[in-house]
Amino acid sequence: MSGKEQDFIKEAFDTNWVAPLGPNVNGFEGDLKGFVNGMADQVGHDAPVSHDAPVGHDIGLDREVVALASGTAAVHLGLIDCGVGPGDEVIVQSFTFCASSHPITYLGATPVFVDSEKDSWNMDPDLLDEAIKDRIAKTGKAPKAIIPVALYGMPYQIDRIMEIAGRYGIPVVEDAAEGFGSRFDGQVLGTFGKFGVLSFNGNKMITTSGGGALICADQEAKNKIMWYATQAREAYPYYQHEAIGYNYRLSNVCAGIGRGQMLVLDEHIAHHKHIKDLYKELLKDVPGIEVHDNPSSRYDSNFWLNTITINPSIRIQGQENAYKTVVKGAVGGAAGVVHAVDNPRTECEPNDNVEALRVFLDKAGIEARPLWKPMHKQPVYKDAPAYVNGVSEALFKVGMCLPSGPLVSDEDVRYIVESIKSAIVQ
């Protein structure tokens, strides 16, 4: 933690603003607004950015931002404002983390999963169009919202997605939780649709230890989301509730961490891109291993996580023992696994060589992970409608995430690449 972050936190305690509101929350929202609207010079100011501040230097935007307890909360509130309720359907990218789809079920609605296209690994616009037409034919009504996801920071084809959504009058909630700072055609993700979701979990581009935000179209939308996020309390001198609200606001202490982190956001993004370039350079002569990159100049990923695909023909040391041991320890972070399983295998899993490489790297002190398992292959969603083309499932079987954070050095990347090379059976 930097000295600046500690200064913001100390100020919160000194002024007794240890609550889900306060100067740091207002300041953090102002910093976020300045960034997403392209006003980099506004980041770090003590006061929120004015609603009538100059627009971004590249694209005229004046979005508002609400700081929340998590990215999941942001998805939830965005869907509520889109009118999602019991019996409705929401189209969501299948190749994603469960936080994109679970809030749909919180509201009694049904997720409709759409598979990916090969270049960005994100929502396939052609399949999206097909899914909407089919849902209207089957249910007599259009889905209530569309949730594309910036997988590992990579932008989605938002121009085509917005065109399709506009044709059917369906609002778009952009899940840019992994894509903070990523751009499509120079515009920050999360500013194209009705809402944009950000996450500041401990492993994201910046962190507030936990937390998230919802990018809103204007001040009116922001006020409504803030109302929902503060238990939907009415403007009376006593607690009056005429709608169901939620305790979703970010604390002033966590927002102080976020304000300090905003000062190094550009540095973090540049570092992640540099790490991607280094992985690509060092792995270019390794047959069968490919680093995922921007499909074209229109895409500008933050490369939150750098990912590789591993050809099924590559053989890894210890591959014959893949999936023969049930996982007992923590997987996926400090929270660990709390449910034990009896069988180490499922009907949809990474190839044996991917799992063998993960185990090999783990023994070398390197944490690597499989890609997200597509939601349409998750048991909890086995009955949900899905429009698939095989892309996400095929990628899940061959893909791996490599260390990519701000503390990963050039020397670390060289060690990781050399470990990968030494794992391959010649």
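This is a predicted model, so every value here is computed, not measured. Starting from 1, each residue takes its place in the sequence as its number.
Side-chain polar atoms of N306 and S404 form a donor-acceptor pair below 3.5 angstrom. Residues R135 and Y387 have side chains that bring a donor and an acceptor to within less than 3.5 angstrom of each other. Using a 3.5 Å distance cut-off with no hydrogens or angles, the side chains of H376 and S94 do pair a donor with an acceptor. The closest side-chain donor-acceptor pair between Q93 and N122 falls under 3.5 angstrom. Of the N and O atoms on the side chains of N351 and E355, not one donor lies less than 3.5 Å from an acceptor on the other residue. For the 3.5 Å distance criterion, the side chains of S199 and N201 fail to qualify, holding no donor opposite an acceptor.
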message = Does V75 form a side-chain contact (heavy atoms from CB on, under 4.5 Å) with I147? I'd like the steps, not just the answer.
response = CA-CA 9 Å; V75 176; I147 307 176; 4.2 Å; yes
message = salt bridge (charged side-chain N to carboxylate O under 4.0 Å, His left out) for D81 and K194? Distances and angles first, verdict last.
response = CA-CA 10 Å; D81 195 69; K194 181 175 183 179; 3.4 Å; yes
inquiry  = Apply side-chain contact (heavy atoms from CB on, under 4.5 Å) to residues D129 and R160 and explain how you reach the verdict.
reply    = CA-CA 10 Å; D129 197 12; R160 292 200 58 203; over 6 Å; no
request  = Quick one: do V408 and V413 satisfy side-chain contact (heavy atoms from CB on, under 4.5 Å)? Show the steps, please.
outcome  = CA-CA 7 Å; V408 176; V413 173; 3.8 Å; yes
inquiry  = Determine whether F396 and F95 satisfy the following criterion, ring pair (Phe, Tyr, Trp, His ring centres under 6.0 Å), listing intermediate values before the conclusion.
reply    = CA-CA 9 Å; F396 173 62; F95 207 10; 7.7 Å; no
message = Between K324 and N321, is the side-chain contact (heavy atoms from CB on, under 4.5 Å) condition met? List the steps.
response = CA-CA 6 Å; K324 288 188 176 178; N321 296 317; 4.1 Å; yes
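Under the 4.5 Å side-chain criterion, counting only non-hydrogen atoms from C-beta, D277 is not in contact with E281. Looking at heavy atoms from C-beta onward, Y152 lies in side-chain contact with L371 at the 4.5 angstrom threshold. Side-chain contact between P344 and T325: absent, with no pair of heavy atoms (C-beta onward) separated by less than 4.5 Å. By the 4.5 Å heavy-atom criterion applied to side chains, M154 and S120 are counted as neighbours. Looking only at side-chain heavy atoms (C-beta outward), I146 and V90 stay at 4.5 Å or farther from each other. Side-chain contact between F28 and I257: absent, with no pair of heavy atoms (C-beta onward) separated by less than 4.5 Å. With contacts defined as side-chain heavy-atom distances shorter than 4.5 Å, the pair Y168/K133 qualifies. Residues V36 and L61 are not in side-chain contact: their nearest non-hydrogen atoms beyond the backbone lie 4.5 Å or more apart.
The pair D62-K33 meets the salt-bridge criterion, with a side-chain N (NZ, NE, NH1 or NH2) lying under 4.0 Å from an Asp/Glu carboxylate O. Salt bridge absent: D124 and K118 never bring a charged side-chain N and a carboxylate O closer than 4.0 Å. Salt bridge present: K397 and E393 bring a charged side-chain N and a carboxylate O closer than 4.0 Å. Between E367 and R369, at least one side-chain nitrogen of the basic residue sits less than 4.0 Å from a carboxylate oxygen of the acidic one, meeting the salt-bridge criterion. A salt bridge links K377 to E347: at least one charged side-chain nitrogen sits closer than 4.0 Å to a carboxylate oxygen. A salt bridge links E163 with R167: the closest approach of a Lys/Arg side-chain nitrogen to an acidic carboxylate oxygen falls below 4.0 angstrom. Salt-bridge formation is not detected for the pair E178/K204: no Lys NZ or Arg NE/NH1/NH2 atom is positioned less than 4.0 Å from an Asp or Glu carboxylate oxygen. A salt bridge links E320 to R315: one of the charged nitrogens lies within less than 4.0 Å of a carboxylate oxygen. Comment: D218 does not engage R63 in a salt bridge, judged by the lack of any side-chain N to carboxylate O separation of less than 4.0 angstrom.
Remark: the backbone N or O of P143 is not paired with any side-chain donor or acceptor of E89 at under 3.5 angstrom. Between the E234 side chain and the Q240 main chain, no donor and acceptor come within less than 3.5 Å of each other. Checked by atom type and distance alone, the side chain of S182 pairs as donor or acceptor with a backbone atom of N302 at under 3.5 Å. Within the 3.5 Å criterion, the main-chain N or O of T96 finds no donor-acceptor partner in the side chain of S100. Under a 3.5 Å cut-off, the side chain of H76 and the backbone N or O of Y106 do not form any donor-acceptor pair. Between the D175 side chain and the P148 main chain, no donor and acceptor come within less than 3.5 Å of each other. In terms of modelled atom types and a separation under 3.5 Å, the side chain of N24 and the main chain of C254 share no donor-acceptor contact. Judged by distance alone, with hydrogens and angles left aside, the side-chain atoms of S301 form a donor-acceptor pair with the main-chain N or O of G153 at under 3.5 Å. Distance alone, capped at 3.5 Å, places no donor-acceptor pair between the N223 side chain and the E220 backbone. Panel note: side chain R249, backbone N247; no donor-acceptor pair is recorded below 3.5 Å.
When the options I80, V65, V66 are evaluated for a side chain to side chain contact (heavy atoms under 4.5 Å, CB included) with I225, the one that passes is V66. The only option from T191, D159, D300 that meets the side chain to side chain contact (heavy atoms under 4.5 Å, CB included) definition with F184 turns out to be D159. The side chain to side chain contact (heavy atoms under 4.5 Å, CB included) test with N353 singles out one residue from I316, N311, V398, and that residue is I316.
By the neighbour-count criterion of 12 heavy atoms within 6.0 Å, atom CD of E349 is densely surrounded, having more than that number from other residues, nucleotides or ligands. Counted within 6.0 Å of NZ on K421, heavy atoms from surrounding residues, nucleotides or ligands total more than 12; the atom is thus considered enclosed.
A search for ring pair (Phe, Tyr, Trp, His ring centres under 6.0 Å) contacts involving Y228 returns nothing, not counting sequence neighbours. Applying the ring pair (Phe, Tyr, Trp, His ring centres under 6.0 Å) test to F113 and every residue at least two apart in sequence or in another chain returns Y381.
Nearest heavy atom pair, residue A322 against residue R345, reads O-NH1, 4.1 Å. Across all their heavy atoms, I314 and Q319 have their closest contact at O-OE1, 3.7 Å. Taking both residues in full, the closest heavy atoms of D293 and K280 are given as OD2-NZ, 2.6 Å, listed atom of the first, atom of the second, then distance.
Both the sub-6.0 Å distance and the 45° axial angle are satisfied by R233 relative to the ring of Y239. Cation-pi check for K273 over F303 is not met; the charged atom does not lie both under 6.0 angstrom from the ring centroid and within 45 degrees of its normal.
Aromatic ring centres of W121 and H292: separated by under 6.0 Å.
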